[in-house]
Amino acid sequence: MKKKQDAKKPELKPYDHLKIEKRWQKHWEAKKFYRADDKLVAKKGADAPKKMFTLVEFPFPSGAGLHTGHTRSYTAMDVVSRKRRADGENVLFPIGWDAFGLPTENYAIKTGISPQKATKQNTDTFRRQLKAVGISFDWSREINTTDPAYYKWTQWIFLQMYKKGLAYKSKLTINWCPKDKIGLANEEVINGCCERCGTQVEKRDKEQWVLAITKYADRLDKDLDDVDYWEKIKIQQRNWIGRSEGSELSFKIKGSEEVVNVFTTRADTLFGVTYVVLAPESGLVAKLMPQVKNQDDVKAYIQAASKKEEMDRTAEGKEKTGVELKGITAINPANGQEVPVWIADYVLATYGTGAVMAVPAHDARDFEFAKKYNLEIKAVISADKEKTASDELLTEDGKLIGSGKFNGMSSEKARVEITKAVNGKVVTKYKLRDWIFSRQRYWGEPIPMVNCADCGWVPVPEKDLPVKLPAVKKYEPTDDGESPLSAISSWVKTKCPQCKKPAKRETDTMPNWAGSSWYYLRYADPKNKKAIVDPKKMADWMPVDWYNGGMEHTTLHLLYSRFWHKFLYDIGVVNTKEPYKKRTSHGLILAEGGVKMSKSLGNVVNPDDLIKIYGADTLRVYQLFMGPFDQAIAWNTASMIGSRRFIERVYAMFSKVDKAVSVSANKETESLLHKTIKKVGEDIESLGFNTAVSSLMILLNALEKEENVSQEAYETLLKLLAPFAPHVTDELWAALGHKKSIHLESWPVYDPKKLESGIFKIVVQVNSKVRATFTTETDDEAAVTAGALKLPEIAKWLEGKSPSKTFYVKGKLINLIVG
RNA sequence: GCCGGAGUGGCGGAAUGGUAUACGCGCUCGACUCAAAAUCGAGUGCCGCAAGGCUUGAGGGUUCGAGUCCCUCCUCCGGCACCA
C-alpha cells in the first residue's frame with residue numbers, strides 16, 4: 001500500500017545526483033562554509049570552541065589526475081573534519097600542492113611544455129576533481145610549493161640551517177639513477193634501485209649539500225614517546241633511526257702505536273673475542289699496511305670489495321668473505337690475549353667505528369665467519385639451560401663464564417662493568433644517515449648559495465629571497481650530470497654577496513621533500529609576505545591535531561618534517577616540539593584483482609567517471625564501506641551498486657516520514673537509534689568507517705520495516721550520514737523544510753539510558769552448546785534461569801536433571817551445565 | 001634473518017572471551033512486466049530427509065565457553081636488511 005503524500009510536505013524530485021551535488025557544492029562555496037576561523041581560534045576561555053587541525057598529505061598534481069587512493073583517504077579525513085565541526089570545533093582542514101618533482105620535469109622534457117604550465121593545468125584538474133568529491137577543504141588557504149612566494153620560505157629555512165651548521169657540502173659517494181640522472185637519498189633507494197623508476201642505482205662521487213639530520217636522531221627517537229602515532233608507525237621510525245646503545249672499546253695493535261676502536265652492544269662478551277675485523281675501506285688498513293705480510297692478498301681483496309656495487313654484495317646470498325692481515329695482532333684489553341686481525345666486507349665502514357670485535361660463540365655473523373675460516377670459538381656466556389658446549393652459538397644474555405673476575409655476573413651488569421674496567425665508554429649509535437639534499441635537476445627550489453673564489457660558499461642574503469627558477473629552454477640535465485640551470489650563464493653568474501666580486505650561483509636544487517617538510521605550518525598563515533608564519537597564528541593553530549597519510553612516507557616525509565620542525569623549534573619559529581600530535585595511516589588502494597593501480601597497466605579508476613555514473617556521495621560511501629581503512633584493498637566497481645542502493649533507499653524513505661510518529665513508539669527502534677549514534681561517532685574517531693556505514697545500513701533496514709518513520713529518527717539518520725554523504729543529506733534536510741544546511745547542525749547525542757530497549761533476547765546453552773533462545777523483559781539472573789529451564793527444547797537436553805552449575809552473561813546468555 | 005600486520009562463506013568483510021559468518025556484493029526462487037532492466041519479498045557456510053553434527057590457515061593448551069588468550073608451526077602482505 002502506498003502512503004498518501006503529506007499535503008504540507010514539499011515534493012521531492014527523483015534522485016538526480018548530478019544536479020544535487022552541483023547545487024550543494026555551489027551553495028557551500030558561496031556561503032564560505034568550511035573556512036577555518038582565525039578570529040575564533042584566537043579566542044581563549046571556556047566558551048571558546050576547541051580548535052581542530054586535520055591534515056592530509058597534499059598531493060603531487062600529476063598529469064594522470066586524482067587517484068582513488070587520494071579520494072578515499074581525503075574522504076576519510078573529510079568525514080572526521082565534518083563530524084568535528086558538528087561537535088562544535090573550529091576545524092582547519094586545508095589543502096595544497098606538492099608540485100615540484102620529477103614526473104612534471106620529465107613531462108617537460110618529453111613535450112617541451114614548461115613545468116610551470118603543466119603544474120598549472122594539473123592543479124586545475126585536481127582542484128576541480130576534489131571539489132567534485134565534496135571534500136570540505138578550506139580552499140582559501142590553498143598553497144603551492146612551486147610558488148616563489150612559498151619557496152622563498154623553503155629557501156629561508158635552508159639558510160637558517162646553513163647558519164647553524166646543519167647544511168654542509170660534502171664529497172660523497174651518492175646513489176645515482178642513470179635513467180633519471182639524479183642523485184638519490186638513502187631513503188629513496190629501494191633494494192638498490194631508484195624508488196621512482198626502478199632503475200638500478202650506480203655509485204658516483206659528487207659534491208652534495210647534506211643536512212645533518214643525524215644531529216637530531218636522538219630527539220627524533222625519544223620524542224616519539226610523547227606523540228599519539230599508531231604504534232606501527234613509531235616502530236618503523238624507530239627501526240629506521242636505529243638507535244643502539246653499546247660500548248666503544250680499544251684494542252691496541254701489537255708493536256704499533258695504532259689502536260682499533262670497536263663498537264659493540266655486547267661488551268659482556270669481551271673475553272670471548274677471538275679476532276677483530278676491520279671494514280676494507282677503513283683508514284686504519286692503509287696505516288697498518290707496511291707491517292702486513294700478505295699485502296698482495298689484502299690489496300686484491302680491498303680492490304674487489306670497492307668494485308662491488310651494493311647490489312652485488314646482496315646478490316651474493318650474503319656469503320661472508322674476508323682476508324687476514326697477516327703479521328698484525330690486536331690485544332684484547334680485558335685479558336691481554338693476542339688475536340688476529342681480519343678485513344671483511346660484512347663490516348660496514350659507515351656504521352659504528354668501521355671495526356668490530358668478533359665473538360663467534362655469541363654472535364651469528366661472527367659464528368658463520370669463524371666456521372668458514374676455522375677461527376677459534378670461545379664461549380663466555382652460559383644460559384640457564386646448561387648449554388656450555390664451546391662450539392655452540394648462544395646469542396642470548398646469560399651469566400658470564402671464562403671471564404676472570406666477572407664470572408657469574410649477569411650480561412646486563414657485565415656490559416657496564418667490563419666497559420668501565422677496560423676504560424671504554426658507553427655510547428649510542430644510529431643507523432640514520434645525514435640527508436643528501438642536492439638534486440641536479442631543474443624543477444626544484446634553487447639552493448640559495450653562491451660560490452665565490454675568495455669567500456667560498458656564501459649564503460644569499462635573506463632580502464634577496466626567493467632565488468627564483470629562471471626560464472630555460474632545455475629541461476634535461478647535462479651529460480655530466482649537472483642541473484640544466486648550469487647552462488644558463490646569465491643566471492649562474494652573480495656577485496658574491498660578501499666581497500661583491502664575480503661569483504657563481506649553486507645550480508643544485510632541493511629534493512621534492514623540501515617543500516613538504518614544513519607546509520603544514522604555512523596553512524596557519526598562507527599569505528604572509530613578511531614572515532614564514534605569524535607567531536600568533538602559529539601558536540593558535542599548531543600543532544596539527546590529526547595527520548593521516550601513507551605508510552610509505554613514514555621514513556621519508558614524516559621523519560624529514562619532524563626534523564625540520566624540531567629545527568624550527570630550536571630557532572624559535574614554532575613553539576611545539578613536534579608538528580603532529582596524532583598520526584594515522586590508510587591502506588593502499590589496489591586495482592581490481594589486487595594488483596597495483598598504474599597507468600601502464602591501464603587499470604586506473606577515474607573518479608570523474610564514477611561521479612558521473614554513481615555520484616560523489618555513492619563514491620564516498622563505497623570507498624569507506626569497502627573494507628578496513630588501514631588495510632590494503634582492491635577496488636571493485638561492481639560492488640559500488642550496494643552503496644548507491646543504500647543512498648537511494650535513504651532518499652526514498654523521505655515519503656514515509658511522518659512528523660506525528662514519536663521516536664519512542666517502538667522501543668527497539670529507539671534503542672537501535674541510540675546505539676547507532678554511539679557506534680557511528682566512535683567509529684569515525686577510530687577510523688572504523690566500514691562498520692560505521694554498516695551500522696547506518698542496519699538502522700535504515702530497521703526503519704524500513706516500520707509503516708511510518710518518525711521524523712526525529714529520520715533526521716538523526718541524516719545527521720549521522722551527513723559526513724559520509726554530504727550532498728544528498730543536505731538535499732533531504734532542505735526538503736524536510738529546514739532553512740539552514742544540515743552541515744550547520746550539531747552532532748546527535750545518545751542517551752545512555754536508552755541504549756537498551758528493556759527486551760532481552762537470551763541465548764540458552766546446555767553444556768556450552770546453543771539449544772534455544774527466548775525473549776524476556778527482565779535481566780535478573782534468577783528470573784532468566786527459571787525462564788530458561790521452563791523451555792521445552794531445553795527440558796529435552798536436561799533429561800530431568802537440574803543443572804549443577806550455571807553461567808550467566810547479564811541480559812545475553814545463560815549456560816546450563818548438567819551431567 | 002629481524003620488525004610489523006593478516007589468514008573467517010562464491011567475493012569485500014563483521015564479531016568488549018558469550019548465538020561465528022553482521023553489513024554489502026553475488027547467486028536462487030517469487031512478485032511486478034508482453035518481456036527485460038530497475039524495484040520489492042523470501043532464501044543463501046558445509047554434511048544430513050530429519051533429529052542433529054561439523055566449520056574461523058594447521059596442531060596442541062587454558063576455560064563452563066576460544067575467531068578472540070597461551071605455545072608450536074605454515075602461508076601471504078608491508079618495512080628493514082651483514083647495523084656489530
Side-chain angles (χ1 to χ4, degrees), chain A residues 190-192 230-240 242-244 246-247 262-267 269 277 279 310 313-314 316 318-321 344-348 350-359 362-366 368-369 429-433 551-552 554-555 585 587-588 590 594 621-622 625-628 630-643 645-646 648-649 652 688 690-701 704 761-773 796 803-810 812-818:
Chain A
I190 310 292
N191 290 331
W230 277 358
E231 202 53 36
K232 62 175 175 180
I233 298 171
K234 286 191 185 183
I235 288 167
Q236 218 175 91
Q237 282 215 347
R238 285 216 168 92
N239 287 346
W240 187 262
R243 178 191 167 92
S244 90
S247 310
V262 302
F263 174 69
T264 179
T265 55
R266 293 298 303 272
T269 63
V277 193
E310 228 161 86
R313 284 202 195 183
T314 40
E316 263 176 75
K318 289 179 215 166
E319 166 103 9
K320 290 179 185 32
T321 61
D345 65 6
Y346 80 84
V347 175
L348 305 173
T350 48
Y351 183 77
T353 58
V356 302
M357 59 179 226
V359 188
H362 306 295
D363 179 278
R365 269 175 331 225
D366 298 342
E368 191 193 324
F369 193 79
K429 298 277 179 199
Y430 299 92
K431 282 196 261 185
L432 187 70
R433 309 281 165 77
M551 273 312 278
E552 71 274 21
T554 303
T555 55
S585 68
L588 212 62
L590 303 165
V621 169
Y622 168 67
F625 179 61
M626 66 192 290
D630 59 330
Q631 275 167 43
I633 192 158
W635 189 267
N636 185 358
T637 301
S639 290
M640 278 182 75
I641 190 69
S643 302
R645 282 180 193 146
F646 168 59
E648 284 178 357
R649 281 162 49 210
N690 54 334
T691 48
V693 173
S694 104
S695 64
L696 288 169
M697 288 171 169
I698 291 168
L699 177 61
L700 179 72
N701 290 346
E704 273 182 340
K761 205 175 152 196
I762 306 291
V763 174
V764 186
Q765 295 183 327
V766 177
N767 288 340
S768 307
K769 294 219 175 220
V770 177
R771 297 302 181 191
T773 61
K796 178 172 122 190
S804 55
K805 212 168 181 188
T806 62
F807 292 89
Y808 179 56
V809 182
K810 201 170 160 91
K812 277 191 180 152
L813 176 144
I814 183 146
N815 189 3
L816 310 168
I817 308 300
V818 287

How long is the span from the [atom1] atom in [X] to the [atom2] atom in [Y], to the nearest 0.5 Å?
X: Leu700(A); Y: Leu696(A); atom1: CG; atom2: CG; answer: 9.0 Å
X: Leu816(A); Y: Gln765(A); atom1: CG; atom2: CD; answer: 9.0 Å
X: Asp630(A); Y: Met551(A); atom1: CG; atom2: CE; answer: 10.0 Å
X: Thr555(A); Y: Leu432(A); atom1: OG1; atom2: CG; answer: 10.0 Å
X: Ile817(A); Y: Ser804(A); atom1: CD1; atom2: OG; answer: 7.0 Å

Whole-angstrom distance between [N] and [M], as gauged at atom [atom1]:
N: G9(B); M: A22(B); atom1: P; value: 13 Å
N: G45(B); M: A51(B); atom1: P; value: 15 Å
N: G13(B); M: G7(B); atom1: P; value: 9 Å
N: C23(B); M: G4(B); atom1: C1'; value: 29 Å
N: G61(B); M: G52(B); atom1: P; value: 28 Å
N: C74(B); M: A58(B); atom1: P; value: 15 Å
N: A37(B); M: C32(B); atom1: C1'; value: 12 Å
N: C54(B); M: U62(B); atom1: C1'; value: 23 Å

So, is [X] near the phosphate of [N], with a side-chain N or O under 4.0 Å from OP1 or OP2?
X: Tyr346(A); N: A84(B); answer: no
X: Lys431(A); N: C3(B); answer: no
X: Lys805(A); N: G65(B); answer: no

Tell me: [atom1] of [X] to [atom2] of [N], nearest whole Å?
X: Lys234(A); N: C3(B); atom1: NZ; atom2: C1'; value: 16 Å
X: Met640(A); N: G26(B); atom1: CE; atom2: P; value: 13 Å
X: Leu590(A); N: C76(B); atom1: CG; atom2: P; value: 17 Å
X: Gln631(A); N: G13(B); atom1: CD; atom2: C1'; value: 10 Å
X: Lys232(A); N: A6(B); atom1: NZ; atom2: C1'; value: 10 Å
X: Arg238(A); N: C3(B); atom1: CZ; atom2: C1'; value: 13 Å
X: Asp363(A); N: G1(B); atom1: CG; atom2: P; value: 17 Å
X: Glu552(A); N: G79(B); atom1: CD; atom2: P; value: 9 Å

Whether the side chain of [X] engages the backbone of [Y] through a donor-acceptor N/O pair (distance < 3.5 Å, no angle test) should be reported.
X: Asn815(A); Y: Ser768(A); answer: yes
X: Asn767(A); Y: Val818(A); answer: yes
X: Asp366(A); Y: Val359(A); answer: yes

Determine whether Arg266(A) and Ser247(A) satisfy the following criterion, side chain to side chain contact (heavy atoms under 4.5 Å, CB included), listing intermediate values before the conclusion. CA-CA 8 Å; Arg266(A) 293 298 303 272; Ser247(A) 310; over 6 Å; no
Could you check whether Trp635(A) and Tyr622(A) have their ring centres less than 6.0 Å apart?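 Yes; Trp635(A) has its ring centre under 6.0 Å from that of Tyr622(A).
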After noting the C-alpha distance and the side-chain angles of Arg771(A) and Val764(A), does the key distance pass the side chain to side chain contact (heavy atoms under 4.5 Å, CB included) rule? CA-CA 6 Å; Arg771(A) 297 302 181 191; Val764(A) 186; 5.8 Å; no
Whichever of Ser639(A) and Val356(A) has its nearest RNA chain B nucleotide further upstream toward 5':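 By nearest-heavy-atom nucleotide position, the 5'-most residue is Ser639(A).
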Nearest-nucleotide wise, let me know which of Asn239(A) and Asp366(A) is further upstream toward the 5' end of RNA chain B.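 The 5'-side residue here is Asn239(A).
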Could you walk me through whether Thr773(A) and Ile762(A) satisfy the side chain to side chain contact (heavy atoms under 4.5 Å, CB included) test, starting with their C-alpha distance in whole Å, then the side-chain angles of each, then the deciding distance to 0.1 Å, before giving a yes or no? CA-CA 5 Å; Thr773(A) 61; Ile762(A) 306 291; over 6 Å; no
Polar pairs (N or O, both sides) under 3.5 Å between protein and nucleotides 29-31 of chain B?
none

Under 4.0 Å, counting only non-hydrogen atoms across every strand here, what does [X] touch: a base, just sugar-phosphate, or nothing?
X: Leu696(A); answer: nothing
X: Lys810(A); answer: nothing
X: Met551(A); answer: nothing
X: Thr353(A); answer: nothing

Side-chain contact, heavy-atom cut-off 4.5 Å: Lys431(A) with Tyr351(A)?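 Yes, at least one pair of side-chain atoms sits under 4.5 Å.
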Any side-chain heavy-atom pair of Thr265(A) and Lys429(A) under 4.5 Å: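 Counting from C-beta outward, Thr265(A) and Lys429(A) never come under 4.5 Å.
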Lys234(A): which residues meet the side-chain contact (heavy atoms from CB on, under 4.5 Å) condition with it, sequence neighbours left out?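 If we apply the side-chain contact (heavy atoms from CB on, under 4.5 Å) test to Lys234(A), skipping adjacent residues, the hits are Leu224(A), Val227(A), Tyr229(A), Glu231(A), Arg238(A).
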Which is it for G57(B), anti or syn, if anything within 90° of zero counts as syn?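 It is anti.
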Grab the stems for RNA chain B, please: at least three consecutive Watson-Crick or wobble pairs, both distances below 3.5 Å, written as range with range.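 Only these stems qualify: B:1-7 with B:74-80, B:10-12 with B:23-25, B:26-31 with B:39-44, B:45-47 with B:52-54, B:57-61 with B:69-73.
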How does protein reach along nucleotides 15-23 of chain B, written 5' to 3' as B (base within reach of a heavy atom under 4.0 Å), S (only sugar-phosphate), or - (no contact)? -B-BB--BB
How would you summarise protein contacts on nucleotides 36-45 of chain B per nucleotide, using B for base, S for sugar-phosphate only and - for none, with heavy-atom distances below 4.0 Å? ---SS-----
Among C3(B), G79(B), G53(B), which nucleotide sits nearest the side chain of Arg771(A)?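 Nearest listed nucleotide: G53(B).
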Ring pair (Phe, Tyr, Trp, His ring centres under 6.0 Å) involving Phe263(A) - partner list, sequence neighbours excluded: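 So Phe263(A) forms no ring pair (Phe, Tyr, Trp, His ring centres under 6.0 Å) with any residue.
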